[in-house]
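Below: one structure, written as structure tokens.
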Amino acid sequence: MDVGDGAYSSRTAEDVFRDFRGRRAGMIKALTTDVEKFYQLCDPEKENLCLYGLPNETWEVTLPAEEVPPELPEPALGINFARDGMDEKDWLALVAVHSDAWLLAVAFYFGTRFGFDKESRRRLFNMINNLPTIYEVVTGTTKRQFKEKTSNSSSKNKSSSKMQSRPAESQTKALRMPTPKEDEDSGADEEEDEQEHENTLCGACGDNYANDEFWICCDVCERWFHGKCVKITPARAEHIKQYKCPSCSNKRARA
């Protein structure tokens with residue numbers, strides 16, 4: 001399949017970034033302004049389909065590349081198969097997450113193929129990192145995070161004390177996301193801790209980590225979940241020796 005890179009011959013971080021930005025714009029269109037068309041093309045009755053972003057700011061839903069190995073890293077396979085098994089909003093968020101991962105893979109594939117040195121790779125990453133992710137655009141996370149930071153800034157001390165009641169480390173696995181720094185730590189340390197975990201997504205709703213919410217990790221698939229999404233309270237979690245999320249529990253039951 002021609003994914004639009006045949007004529008691509010530029011070899012600077014800025015040129016690779018332009019390619020990244022074009023592909024990103026195309027995928028954002030598919031998941032926002034063109035979402036009805038995109039949704040219809042992803043018919044679960046069709047074969048294994050992928051979403052490709054093209055450098056000219058367009059998008060395409062088609063079969064994976066036939067050549068092995070393909071010219072570019074592959075997007076997430078079979079996005080159409082999950083369409084009717086999920087809420088539309090959650091499905092679009094899932095496609096957005098995989099689209100972000102694919103864009104980074106393509107950009108750094110070009111960087112490696114063109115022999116970028118450490119400084120060029122850093123420059124490329126910094127340019128990419130200055131843009132919101134597709135997931136943030138599709139879910140409105142950027143706006144929501146700004147509002148949360150404003151509202152949470154006045155309640156950090158309360159959130160910190162609330163999260164200190166985590167189970168003992170002797171248990172098989174910690175049942176909460178790592179806690180924020182103690183009150184005596186500097187504000188910079190707290191911000192660093194938040195940034196480290198803010199990209200963690202709930203395996204149930206696809207939403208981000210928040211430092212004032214209870215999280216639990218599945219001991220089988222190792223995905224994190226909001227306690228409220230899987231109906232687990234902090235008190236109940238303290239008595240669970242090995243937690244299995246609903247998906248892993250259902251798989252075991254079917255087996």
Check: [Y] main-chain N/O paired with [X] side-chain donor or acceptor under 3.5 Å:
X: Asp100; Y: Thr133; value: no
X: Arg23; Y: Ala107; value: no
X: Asn80; Y: Asp43; value: yes
X: Lys29; Y: Glu57; value: yes

According to a hydrophobic-cluster definition based on side-chain heavy atoms being under 4.5 Å apart (Ile, Leu, Val, Met, Phe, Trp, Tyr only), do [X] and [Y] belong together?
X: Leu63; Y: Leu41; answer: yes
X: Tyr52; Y: Val35; answer: yes
X: Tyr39; Y: Phe81; answer: no
X: Met127; Y: Leu131; answer: yes

Distance check, rounded to the nearest 0.5 Å: [X] atom [atom1] versus [Y] atom [atom2]?
X: Cys229; Y: Ile216; atom1: SG; atom2: CD1; answer: 12.0 Å
X: Phe108; Y: Phe125; atom1: CZ; atom2: CZ; answer: 6.5 Å
X: Leu103; Y: Arg21; atom1: CG; atom2: CZ; answer: 13.0 Å
X: Gln40; Y: Asp34; atom1: CD; atom2: CG; answer: 13.0 Å
X: Tyr109; Y: Glu71; atom1: OH; atom2: CD; answer: 4.0 Å
X: Leu124; Y: Phe17; atom1: CG; atom2: CZ; answer: 8.5 Å

What pair of heavy atoms forms the shortest contact from Ala65 to Pro70, and how long is it? CB-CB, 3.9 Å
Going by the salt bridge (charged side-chain N to carboxylate O under 4.0 Å, His left out) test, which pairs reach into residues 118-129, not counting sequence neighbours? Glu14-Arg123, Glu119-Arg122
Any chance CD of Glu74 has more than 12 other-residue heavy atoms, nucleotides or ligands included, within less than 6.0 Å? yes
Quick one: are [X] and [Y] in side-chain contact, heavy atoms under 4.5 Å?
X: Pro75; Y: Leu51; result: no
X: Ile134; Y: Trp102; result: no
X: Ser247; Y: Cys221; result: no
X: Phe214; Y: Thr233; result: no
X: Leu49; Y: Arg83; result: no
X: Lys37; Y: Trp59; result: yes
X: Pro246; Y: Val230; result: yes
X: Val106; Y: Phe20; result: no

Does the pair Thr12 and Ser120 meet the rule for a side-chain contact (heavy atoms from CB on, under 4.5 Å), with working shown? CA-CA 8 Å; Thr12 68; Ser120 295; over 6 Å; no
List the atom pairs, donor and acceptor, that lie under 3.5 Å between side-chain atoms in residues 86-99 and the rest of the protein, sequence neighbours left out.
{"residue": "Asp87", "atom": "OD2", "partner": "Lys89", "partner atom": "N", "Å": "3.0"}
{"residue": "Trp91", "atom": "NE1", "partner": "Ile79", "partner atom": "O", "Å": "2.9"}
{"residue": "Ser99", "atom": "OG", "partner": "Val95", "partner atom": "O", "Å": "2.7"}

Going by the angle between their ring planes, with limits at 30° and 60°, are Phe110 and Phe114 parallel, tilted or perpendicular? parallel
Side chain to side chain donor-acceptor pair (under 3.5 Å) with Asn56: which residues, sequence neighbours excluded? Thr58
Give the intermediate values and the outcome of side-chain contact (heavy atoms from CB on, under 4.5 Å) for residues Phe225 and Ile232. CA-CA 9 Å; Phe225 298 86; Ile232 300 292; over 6 Å; no
